[in-house]
Amino acid sequence: MDLNQIVDLTTYPIEKSAFRAACRKTYEDHGILVMSQFVTQPAIEAIQAEGRENEDKVFASSAKHTVYLSPQDPNFAADHPRNRLVVSSKGCITDDLMPQQSALRTLYNAPEFRAFLCEVLGEEALYEYADPLSSINLHFAKTGQELGWHFDNSSFAITLMIQPPERGGQFEYVNAVRDADAGEMNFEAVADILDGRTKVEQLSAEAGTLVFFRGRNSIHRVAPNEGNRTRMLAVLAYNTEPGVSLSEAARMTFYGRTG
């Protein structure tokens, strides 16, 4: 498929400067940009079929972790927000297992798409990961699987909904909870969120929805899948410098192998 068969370029004219500027403003103002039906139905159906055909290659994992994605700190009590554990469980197909002719790969590599991302994100350039596993991931969440509350280590995330679940599985977030660069972790606010005292934003995306999200300072999770249909979500991961690999430890944790 060509890019014009993958992206609805009439609704989303990603090469036009005025459109790019409007998207950037939305992203900067709200920390999230949601583009419904960004990818066309034929392209989504093709990616769904690829996911089903390759589901036997999924690496499944379940782990407990802190919301800060770092080891527990003995300077805090076990029930302190810094150390409280949440559960994340999912399956994943890595970049090297995605078909070479996949629409996901065409979209990821398209110069027009990458230039659009740079403009919205305010980056000079974006690069694929140097390791063979991390650039394009297709995540699977079956009944009961979820991603626990957490902050991202990276400054931005680009995701594409491939197949929503029947029920549950919504993306939930609270914007600008902490300031990681200043070392402000805002434990009190995190406790309120974990204990359900804070109103959270919810997004239930339909197939084909592209989402930009600033997750480094905004806490977020994916609620448990409550239906029988597997939730499939593509993560398009880029770096702002060339030659960067996900660490071997992280690759073992996320993918069960380093290459």
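None of the values given here were measured: they were computed from a predicted structure.
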Could you grab the distance from atom CD1 of Ile6 to atom OH of Tyr108, nearest 0.5 Å is fine?
-> 15.0 Å
Donor-acceptor under 3.5 Å (Tyr255 side chain, Ile93 main chain) | no
Common cluster, Leu147/Phe254, ILVMFWY with side-chain heavy-atom separation under 4.5 Å = no
Among Met98, Glu55, Lys57, find the one that has a side chain to side chain contact (heavy atoms under 4.5 Å, CB included) with Leu138.
-> Met98
Salt bridge (Lys or Arg N to Asp or Glu O under 4.0 Å) assessment of Lys16 paired with Glu119 = CA-CA 11 Å; Lys16 293 187 176 180; Glu119 187 72 23; over 6 Å; no
Find the distance between CG (Leu121) and CG (Leu126) and round it off to the nearest 0.5 Å.
-> 6.0 Å
Sub-4.5 Å side-chain heavy-atom contact between Glu201 and Val174 | no
Charged N to carboxylate O under 4.0 angstrom, Lys199 versus Glu172?
-> no
Please check if any side-chain donor atom of Ser218 sits under 3.5 Å from a side-chain acceptor atom of Asn175, or the reverse.
-> yes
Does CG in Asn228 sit with more than 12 non-hydrogen atoms of other residues, nucleotides or ligands closer than 6.0 Å?
-> no
Does some side-chain heavy atom of Asn54 sit less than 4.5 Å from a side-chain heavy atom of Leu97?
-> no
Those residues that, when tested against Asn153, pass side-chain contact (heavy atoms from CB on, under 4.5 Å) (two or more places apart) = Leu69
Is the closest side-chain donor-acceptor distance between Ser154 and Asp152 under 3.5 Å?
-> no
Residues pairing under side chain to side chain donor-acceptor pair (under 3.5 Å) where one sits in residues 231-251, two or more places apart or in two chains, turn out to be none
Where is the tightest heavy-atom contact between Pro81 and Ala191, given as atom of each residue plus distance?
-> CG-CB, 3.5 Å
Minimum heavy-atom distance Asp95-Ser134, with the two atoms named | CB-N, 4.3 Å
First locate atom SG of Cys92, then atom CG of Asn137, and finally report the distance between them rounded to the nearest 0.5 Å.
-> 4.0 Å
Can you check salt bridge (Lys or Arg N to Asp or Glu O under 4.0 Å) on Asp195 and Arg84, steps first, answer last?
-> CA-CA 11 Å; Asp195 292 333; Arg84 285 171 62 175; 2.8 Å; yes
Do Met35 and Leu104 share a hydrophobic cluster, counting only Ile, Leu, Val, Met, Phe, Trp and Tyr and linking them when any side-chain heavy atoms are less than 4.5 Å apart?
-> yes
Less than 4.0 Å between a side-chain N and a carboxylate O, is that true for Asp179 and Arg216?
-> no
Do the side chain of Asn83 and the main chain of Gln72 share a donor and acceptor less than 3.5 angstrom apart?
-> no
Report yes if the side chains of Phe38 and Thr209 come closer than 4.5 Å at any heavy-atom pair, otherwise no.
-> no
Could you tell me which non-hydrogen atom of Asn225 sits nearest to which non-hydrogen atom of Gly227, and how far apart they are?
-> OD1-N, 2.9 Å
Could you state whether Val58 and Met161 fall into the same hydrophobic cluster, counting links through intermediate Ile, Leu, Val, Met, Phe, Trp or Tyr residues with side-chain heavy atoms under 4.5 angstrom apart?
-> no
Are the side chain of Ser135 and the backbone N or O of Tyr129 linked by a donor-acceptor pair below 3.5 Å?
-> yes
Which is it for Val211 and Ile158 under the side-chain contact (heavy atoms from CB on, under 4.5 Å) test, yes or no, and what are the steps along the way?
-> CA-CA 6 Å; Val211 177; Ile158 310 295; over 6 Å; no
Non-neighbouring partners of Asp2 that pass side-chain hydrogen bond (donor to acceptor under 3.5 Å, both in side chains), sequence neighbours left out | none
Give the intermediate values and the outcome of side-chain contact (heavy atoms from CB on, under 4.5 Å) for residues Gln163 and Arg52.
-> CA-CA 11 Å; Gln163 179 172 277; Arg52 290 189 292 268; 3.8 Å; yes
Are the side chain of Glu45 and the backbone N or O of Pro42 linked by a donor-acceptor pair below 3.5 Å?
-> no
Mind listing the closest non-hydrogen atom pair of Ile219 and Phe151 along with its distance?
-> N-CE2, 3.5 Å
Distance from Leu246 atom CG to Asp131 atom CG, nearest 0.5 Å?
-> 6.0 Å
Step-by-step side chain to side chain donor-acceptor pair (under 3.5 Å) determination, Arg229 to Thr143 | CA-CA 7 Å; Arg229 185 169 62 218; Thr143 307; over 6 Å; no
Is a side-chain donor-acceptor pair under 3.5 Å present for Ser36 with Glu206?
-> yes
Heavy-atom closest pair, residues Leu107 and Phe113 | O-CD2, 3.1 Å
Leu9 versus Ile14: any side-chain heavy-atom pair under 4.5 Å?
-> yes
Expected output: side-chain Glu146 to main-chain Gly148 donor-acceptor under 3.5 Å | no
Flag, side chain of Thr40 to backbone of Gln5, donor-acceptor distance under 3.5 Å | yes
Step by step, work out the side-chain contact (heavy atoms from CB on, under 4.5 Å) result for Val67 and Leu194.
-> CA-CA 9 Å; Val67 302; Leu194 293 177; 4.0 Å; yes
Under 4.5 Å between any side-chain heavy atoms of Leu210 and Val39, yes or no?
-> no
Residues, nucleotides or ligands: over 12 heavy atoms within 6.0 Å of Phe59 CZ | yes
side-chain hydrogen bond (donor to acceptor under 3.5 Å, both in side chains) partners for Thr26, two or more places apart | none
Leu160 side chain reached by Met232 side chain, heavy atoms, under 4.5 Å | no
Do Glu50 and Gln48 have side-chain atoms, one donor and one acceptor, less than 3.5 Å apart?
-> no
Where His65 and Ser88 come nearest, the two heavy atoms and their spacing | NE2-OG, 2.6 Å
Between the CG atom in Leu133 and the OG1 atom in Thr258, the distance rounded to the nearest 0.5 Å is 7.5 Å
State which residues pass ring pair (Phe, Tyr, Trp, His ring centres under 6.0 Å) with Phe76; sequence neighbours excluded, sorted by chain then number.
-> His80, Phe187
Under 3.5 Å, is there a donor-acceptor pair between the Arg82 and Ser70 side chains?
-> yes
Are any of the side-chain heavy atoms of Phe19 and Cys23 separated by less than 4.5 Å?
-> yes
Cluster check Tyr68, Val86: I/L/V/M/F/W/Y, side chain < 4.5 angstrom | yes
Nearest 0.5 Å, what's the CD-CG distance between Gln170 and Leu203?
-> 9.5 Å
Hey, could you give me each pair passing ring-ring contact (aromatic ring centres under 6.0 Å, His included) that has a residue in residues 197-225? Not counting sequence neighbours.
-> Phe116-Phe212, His150-His220, Phe171-Phe213, Phe171-His220, Tyr173-Phe213, Phe213-His220
Within 6.0 angstrom of Gln202 CD, more than 12 heavy atoms from elsewhere | yes
Would you mind reporting whether Glu112 and Leu3 have side-chain heavy atoms less than 4.5 Å apart?
-> yes
Does Ile47 share a hydrophobic cluster with Tyr12, counting links as ILVMFWY side-chain heavy atoms below 4.5 Å and allowing steps through other members?
-> yes
